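Step one of this worksheet: look at the structure below.
Letters A, B, ... mirror the listed sequences (proteins, then strands); counts begin at 1. Values in this document were obtained by computation on a predicted structure and should not be read as measured data.
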Amino acid sequence: ALSERLEGVFRKLRGKGKLRETDVREALKGVRLALLEADVNYKVVKEFLKAVEERAVGEEVMRSLTPAQQVIKIVRDELIRLMGGEDHRELDLKGPTPVVMLVGLQGSGKTTTAAKLALWLKGRGKKPYLVPADPYRPAAGEQLQRLASQIGVPCYLPKEGEAVVETARRAREEASRQSLSPVILDTAGRLHIDEALMEELVRLKEEVGPREVLLVADAMTGQDAVKVARGFEEALGLTGVILTKLDGDARGGAALSIKAVIGKPIKFAGVGERLDALEPFHPSSIASRILG
Amino acid sequence: LLRPGKAIEEGLWEELEELLIEADVGVAATQRLLEVLKEEARRRDLKGAEDLYPLLKGEILRTLKPCEAPFRLQKERPTVVFVVGVNGVGKTTTIAKIAHRYTSQGRRVMVAAADTFRAAAIDQLQIWSQRAGAQMVRHREGADPSAVAYDALQAASARGYDLLLIDTAGRLHTKGDLMEELKKTKRVLKKLKEEAPHEVLLVLDATNGQNALVQAKTFHQALEVTGIALVKLDGTAKGGILVAIAEELKIPLRFLGVGEGLEDLEDFEAEAFVEALFS
Ligand SMILES: Nc1nc2c(ncn2[C@@H]2O[C@H](COP(=O)(O)OP(=O)(O)OP(=O)(O)O)[C@@H](O)[C@H]2O)c(=O)[nH]1
Ligand SMILES: Nc1nc2c(ncn2[C@@H]2O[C@H](COP(=O)(O)OP(=O)(O)OP(=O)(O)O)[C@@H](O)[C@H]2O)c(=O)[nH]1
Ligand SMILES: [Mg+2]
Ligand SMILES: [Mg+2]
């Protein structure tokens with residue numbers, strides 16, 4: 001474990017006092033390995049360690065900790081701070097018929113998360129309206145409709161061959177008519193490098209003016225997380241992230257990578273296949289997990 | 001990066017490390033590769049960066065080439081392929097692509113809708129099956145997946161189908177009871193036909209990082225994986241994790257998925273894959 005690695009580095013340190021640069025540098029080598037093994041992006045690791053080194057060098061070692069524990073504490077605190085700390089991670093649902101739009105790569109968990117979000121909001125007194133805006137994937141509409149009926153939430157039924165922007169527009173009108181709020185818009189999975197499909201998202205956003213545009217990302221994502229997050233952020237503008245499949249054993253370094261490159265808060269964690277498996281994102285637990 | 005005229009020095013090693021790690025090759029495999037390269041560079045007294053490129057390629061090929069083994073139908077009918085993997089990787093779509101490849105060759109293909117759990121999974125496979133010209137066997141939603149697989153094998157054998165592709169529900173390898181369910185389905189198939197399944201095909205998502213290696217190890221331990229399909233390589237992820245998987249598990253690398261359409265399936269080729277790693 002990381003703590004054992006670092007204890008070895010500091011064993012030569014006699015007594016306490018301040019953390020010396022050479023010791024910190026040596027300790028951070030172990031931290032670097034841990035972060036890379038956890039799938040944190042290479043460049044993000046570099047930046048992160050620079051910031052930690054600046055904080056750690058010259059710091060007074062606390063009486064209750066060993067120097068190694070002190071460094072880990074600084075790393076951990078910095079991870080938590082970076083990933084949103086005690087940040088406000090609420091959903092913005094202001095306005096008459098607010099729209100929450102879910103976007104992301106293929107298979108990341110958008111459709112399932114849309115239903116989970118609906119159940120979450122229903123439990124908090126909201127009357128959500130689910131909208132399947134994926135005309136490409138076979139049975140995508142059916143999938144969301146089945147999930148919707150499982151949780152007793154109304155779901156929009158797109159007309160045959162209806163364009164995505166038309167679906168969103170008509171669905172929002174319907175939600176307004178039925179006084180349903182918020183509208184949860186599920187979109188088709190797509191690559192951040194697919195210009196036509198990214199353009200579709202831009203048009204969709206222009207049509208419904210969502211209060212939230214959430215990137216649904218798989219917690220198992222590797223180094224590619226930064227390209228994906230950046231791609232969606234630059235093309236579309238995101239308000240937050242939902243990290244899915246955290247019930248597995250992926251270390252989840254993608255969480256740090258994504259937050260570091262786009263600066264938007266990770267609002268929720270998907271922690272299972274069932275529709276009640278959605279929690280607010282806890283930076284402290286993912287920090288421990290990343291450090292391994 | 002390794003262009004002519006560039007000198008081999010400390011900065012270059014760091015750049016190479018960055019390239020490999022960012023391709024998801026992983027820390028351990030990257031360190032091993034760079035050690036070999038540094039040793040060779042020392043031994044041969046290499047000066048130019050361009051001399052490193054064939055060395056690096058060669059070293060990765062040494063690991064990947066032995067795992068280059070395209071999928072082939074067996075002589076006896078049907079060839080049974082049991083498709084497994086974690087949630088959302090691309091199992092159902094990959095089955096559609098494989099089915100399409102073989103129906104296009106005039107083969108008779110059957111698919112089994114053994115994902116009886118996820119919403120609209122059967123509907124999704126039904127549409128793909130129709131598009132690919134395959135026959136589908138299904139039960140109702142919530143039925144026992146092993147029963148679906150069993151029925152499908154029975155039907156495929158009786159009616160002389162060439163290929164049977166069995167779709168399963170996605171599941172995280174950490175869920176013991178769900179892994180047990182897969183083992184049970186495999187046993188049920190074996191009971192009906194000793195050699196079945198001829199292939200246990202693990203589908204991996206190229207956008208995953210180091211967890212793909214853990215998935216491969218766990219599925220392999222539970223089911224004895226005989227083939228790997230790495231998909232979503234049409235994105236920006238490089239799938240470098242295959243190097244570690246090939247090195248540690250030596251499982252045949254069958255297919256690459258390069259898109260969402262029926263035609264977007266390629267056979268794994270070591271040279272092309274290594275070229276793409278550096279592009
Ligand atoms: N274990 C686990 N599985 C999840 C989680 N979220 C989603 N899934 C599963 O991941 C798979 C993909 O989920 P979908 O909701 O279909 O993903 P999607 O992003 O809508 O996929 P596309 O529309 O094809 O891009 C399904 O098997 C889901 O049940 C999670 O938090 N944990
Ligand atoms: N870009 C790209 N997308 C792919 C590829 N293969 C599959 N997909 C997409 O990934 C998403 C998930 O594919 P599925 O076939 O439903 O995945 P699955 O493993 O069966 O999912 P579950 O059954 O829910 O576990 C779909 O949107 C597919 O179109 C590929 O090679 N490239
Ligand atoms: Mg979907
Ligand atoms: Mg499937």
Side-chain angles (χ1 to χ4, degrees), chain A residues 32-43 45-46 105-112 115 136-150 188-194 217-228 231 244-245 247-254 272-273, chain B residues 17-28 30-31 86-93 96 117-131 141 169-175 178 205-212 214-215 218 231-232 234-241 259-260:
Chain A
R32 180 173 179 271
L33 284 185
L35 294 176
L36 289 175
E37 285 164 357
D39 289 321
V40 182
N41 178 266
Y42 190 92
K43 293 182 181 72
V45 170
K46 215 169 173 182
L105 291 182
Q106 292 89 347
S108 64
K110 298 173 294 298
T111 304
T112 311
Y136 312 109
R137 172 173 157 151
E142 283 84 342
Q143 184 185 3
L144 190 59
Q145 279 154 24
R146 301 274 169 78
L147 295 178
S149 70
Q150 278 178 29
R190 69 204 65 215
L191 299 176
H192 48 296
I193 54 172
D194 187 326
D218 193 322
M220 303 180 271
T221 310
Q223 297 287 313
D224 201 44
V226 301
K227 291 208 178 89
V228 176
T244 62
K245 307 178 200 172
D247 45 317
D249 58 2
R251 295 267 291 274
E273 292 194 65
Chain B
E17 181 192 56
E18 180 168 346
L19 181 106
L20 292 170
I21 299 249
E22 291 199 330
D24 285 315
V25 170
V27 177
T30 297
Q31 283 178 337
V86 304
N87 308 74
V89 290
K91 300 176 291 299
T92 305
T93 312
F117 168 72
R118 207 209 68 212
I122 298 173
D123 305 63
Q124 181 190 10
L125 185 63
Q126 179 83 70
I127 294 169
W128 274 127
S129 178
Q130 275 162 1
R131 290 182 190 173
E141 225 173 80
R171 69 209 62 217
L172 295 182
H173 50 289
T174 47
K175 315 241 159 134
L178 298 184
D205 187 330
T207 66
N208 281 183
Q210 299 307 298
N211 198 252
V214 185
Q215 291 167 35
T218 313
V231 306
K232 301 182 193 169
D234 46 317
T236 47
K238 299 283 184 173
I241 197 69
E260 301 190 70

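- When each of A/Thr112, A/Leu191, A/Leu144, A/Thr111 is scored by its heavy-atom pairs under 4.5 Å with chain B, the top score falls to A/Leu191.
- Among A/Gly141, A/Ala250, A/Gly253, the residue with the largest count of heavy-atom pairs under 4.5 Å with chain B is A/Ala250.
- With a 4.5 Å cut-off on side-chain heavy atoms, A/Asp224 and A/His192 count as touching.
- The residue among A/Ala115, A/Ala140, A/Ala139, A/Ala225 with the most heavy atom pairs within less than 4.5 Å of chain B is A/Ala139.
- Most heavy-atom pairs under 4.5 Å with chain A, from the set B/Arg171, B/Lys175, B/Gln126, B/Lys238: that is B/Lys175.
- Of all heavy-atom pairs spanning A/Leu35 and A/Val45, the tightest one is CB-CG2, 3.9 Å.
- Both the backbone and the side chain of A/Lys43 come within less than 4.5 Å of a heavy atom of chain B.
- Taking chain B as the reference chain and counting heavy-atom pairs below 4.5 Å, the highest number among A/Val226, A/Thr244, A/Asp247 is found for A/Asp247.
- Using a 4.5 Å cut-off between heavy atoms, A/Arg137 touches chain B through its side chain atoms alone.
- Considering all non-hydrogen atoms of both residues, A/Ala188 and A/Lys110 come closest at C-CE, 3.9 Å.
- Taking A/Ile193, A/Val228, A/Asp194 one by one and counting their heavy-atom pairs under 4.5 Å with chain B, the maximum is reached by A/Ile193.
- For the pair A/Met220/A/Lys245, a side-chain contact is recorded, criterion being any heavy-atom separation below 4.5 Å from C-beta on.
- Contact record, A/Ala219 with A/Ala254: O-CB, 4.4 Å, taken as the closest heavy-atom pair.
- Minimum interatomic distance between B/Glu141 and B/Ala120 (heavy atoms only, all atoms of both residues): OE2-N, 3.9 Å.
- Heavy-atom distances place no part of A/Arg190 under 4.5 Å from chain B, backbone and side chain included.
- The part of A/Leu105 that comes within reach of chain B is its side chain, from C-beta onward, which places non-hydrogen atoms under 4.5 angstrom from that chain.
- Residue with the most contacts toward chain A among B/Ile241, B/Asp234, B/Val89, B/Asp205: B/Asp234 (heavy-atom pairs, distance under 4.5 Å).
- In this structure, the portions of A/Asp249 lying under 4.5 Å from any heavy atom of chain B include both its backbone and its side chain.
- What you find for B/Asp24 and A/Gln223 is that their closest heavy atoms are OD1-N, 3.0 Å.
- Shown are B/Asn208, B/Asn211, B/Val86, B/Asn87; of these, the side-chain contact (heavy atoms from CB on, under 4.5 Å) with A/Asp218 is made only by B/Asn208.
- Here the side chain of B/Arg118 pairs no donor or acceptor atom with the backbone of A/Glu273 at under 3.5 angstrom.
- Contacts with chain A were tallied for B/Glu260, B/Gln31, B/Glu17; B/Glu17 has the most, counting heavy-atom pairs under 4.5 Å.
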